[in-house]
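See below for the structure under consideration.
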Amino acid sequence: MDLKGMRVLVVGASSGLGRASALHLVEQGARVVLAARREEALQAAVAEAKGEAHALRCDVCDETSCRDLVRGACERLGGLDGLVYATGTARPILLAEAGSARWAEILETNLVGASLVTREALPHLEASRGRAIYLSSITAEDPVPRAGMALYAVSKAALNKLIQAWQGENPAVGFTRLQVGDTLGTGFGDGWTAEELGFVKDWAASGLMFGRTMKPQDVAEQIALLLTTREAVPSMTLQPRPAIDDFESMPGLDDPAAYQKARGKI
């Protein structure tokens, strides 16, 4: 199987892994609808795409918006063969400081939104015997979550179970949870306060990071592979290989500018 002509909806495509994945799929011949809340960023991504790409705004926390998104995507593509849910939010906060609003934000975006979009896409994916891929995180399986990341880890652990439940109820569709490790260029750390970035120092000092990060393209290539695999792939984990020298001790292995920028952040 290949991606040529495959009809794919990528949710969370305005930046990070979603954007990289959508552009890679288009380049490989897929017909793709890119969806997210930020219209300007979506349009910029579509302008960069080397093939058929469409932009549709969607707020995954709103049922009507999810319904309109899938309807609009199917109108443009003539159906769906694949769904990629890359939407996610994560900013460190200690459990003792997290109120209901913060819990609601992360669960609605990382968990409930995934189910709302899937519910709308399901009939189309069943008709094509298509695939649905959800970006999860290796933090979901940490015995003890990294300090400040409990909310995020809980949301991703719940997402993993949600995907298993969707698969159990709908065997005609291939559901996959792709658990991803630290990746450069996902927005990780952007806009974080000094206090929030302080958590990252603690993670590194505690040996909870691999010493380097992956590139979005690494993840995009695995998503393309999963979409073209015939057989069932319930789960897959992609994480950085450990650093082997000082230059690899921070992100940006072959980009000195990014490397220096990252060293200044963390």
Quiz item: Would a distance-only check, ignoring hydrogens and angles, find a side-chain to backbone donor-acceptor pair under 3.5 Å from Ser65 to Cys61?
Solution: no
Exercise. Over all heavy atoms of both residues, which pair between Gly12 and Ala86 is shortest? Give the atoms and the distance, please.
Key: O-CB, 4.2 Å
Practice problem: Check Thr183 against Lys215 and note the closest heavy-atom contact, atom names and distance. | Solution: CG2-C, 3.5 Å
Exercise. Taking side-chain hydrogen bond (donor to acceptor under 3.5 Å, both in side chains) as the test, write out the residues that go with Glu126, two or more places apart.
Key: none
Quiz item: Among pairs that include at least one residue of residues 7-24, which meet salt bridge (charged side-chain N to carboxylate O under 4.0 Å, His left out), considering only residues two or more places apart or in two chains?
Solution: Arg7-Asp81, Arg19-Glu48
Quiz item: By side-chain contact (heavy atoms from CB on, under 4.5 Å), which residues pair with Ala98, not counting sequence neighbours?
Solution: Ile93, Trp103, Leu151
Quiz item: Looking only at heavy atoms, what is the nearest atom pair of Ile223 and Ser21, with distance?
Solution: CD1-OG, 3.1 Å
Self-check item: Pairs meeting criterion salt bridge (charged side-chain N to carboxylate O under 4.0 Å, His left out) with involvement of residues 22-47, two or more places apart
Solution: Arg31-Glu52
Exercise. Quick one: list whatever passes salt bridge (charged side-chain N to carboxylate O under 4.0 Å, His left out) with Glu75, sequence neighbours left out.
Key: none
Practice problem: Give a yes or no on whether a salt bridge exists between Arg71 and Asp68, defined as a side-chain N under 4.0 angstrom from a carboxylate O. | Solution: yes
Quiz item: Closest heavy-atom contact between Leu159 and Leu135?
Solution: CD2-O, 3.8 Å
Exercise. With sequence neighbours excluded, give me every salt bridge (charged side-chain N to carboxylate O under 4.0 Å, His left out) pair touching residues 153-164.
Key: none
Quiz item: Is a side-chain donor or acceptor of Ser115 paired with a backbone partner of Val112 at a separation under 3.5 angstrom?
Solution: no
Quiz prompt | Partner residues of Ala121 under the side-chain contact (heavy atoms from CB on, under 4.5 Å) criterion, sequence neighbours left out | solution = Val70, Leu80, Leu83, Leu125
Self-check item: Partner residues of Asp62 under the salt bridge (charged side-chain N to carboxylate O under 4.0 Å, His left out) criterion, sequence neighbours left out
Solution: none
Quiz prompt | Residue list, side-chain hydrogen bond (donor to acceptor under 3.5 Å, both in side chains) with Arg131, at least two apart or on another chain | solution = none
Quiz item: In chain order, what residues pass the side-chain contact (heavy atoms from CB on, under 4.5 Å) check against Thr89, with sequence neighbours excluded?
Solution: Glu105, Ile106, Thr109, Asn110
Quiz prompt | Glu63 with Arg119: basic N within carboxylate O range, under 4.0 Å | solution = yes
Quiz item: Do His24 and Gln217 have side-chain N/O donor and acceptor atoms under 3.5 Å apart?
Solution: yes
Self-check item: Under the side-chain contact (heavy atoms from CB on, under 4.5 Å) test, residues paired with Ala153 that sit two or more places apart
Solution: Thr139, Pro145
Practice problem: Could you label the plane-to-plane angle of the Tyr85 and Tyr134 rings as parallel, tilted or perpendicular, counting under 30° as parallel and over 60° as perpendicular? | Solution: tilted
Quiz item: Would you say the side chains of Gln179 and Asn160 form a donor-acceptor pair under 3.5 Å?
Solution: yes
Quiz item: What residues form a side-chain hydrogen bond (donor to acceptor under 3.5 Å, both in side chains) with Glu108, not counting sequence neighbours?
Solution: none
Quiz item: Does Val233 offer a backbone N or O that forms a donor-acceptor pair with the side chain of Thr176 under 3.5 Å?
Solution: yes
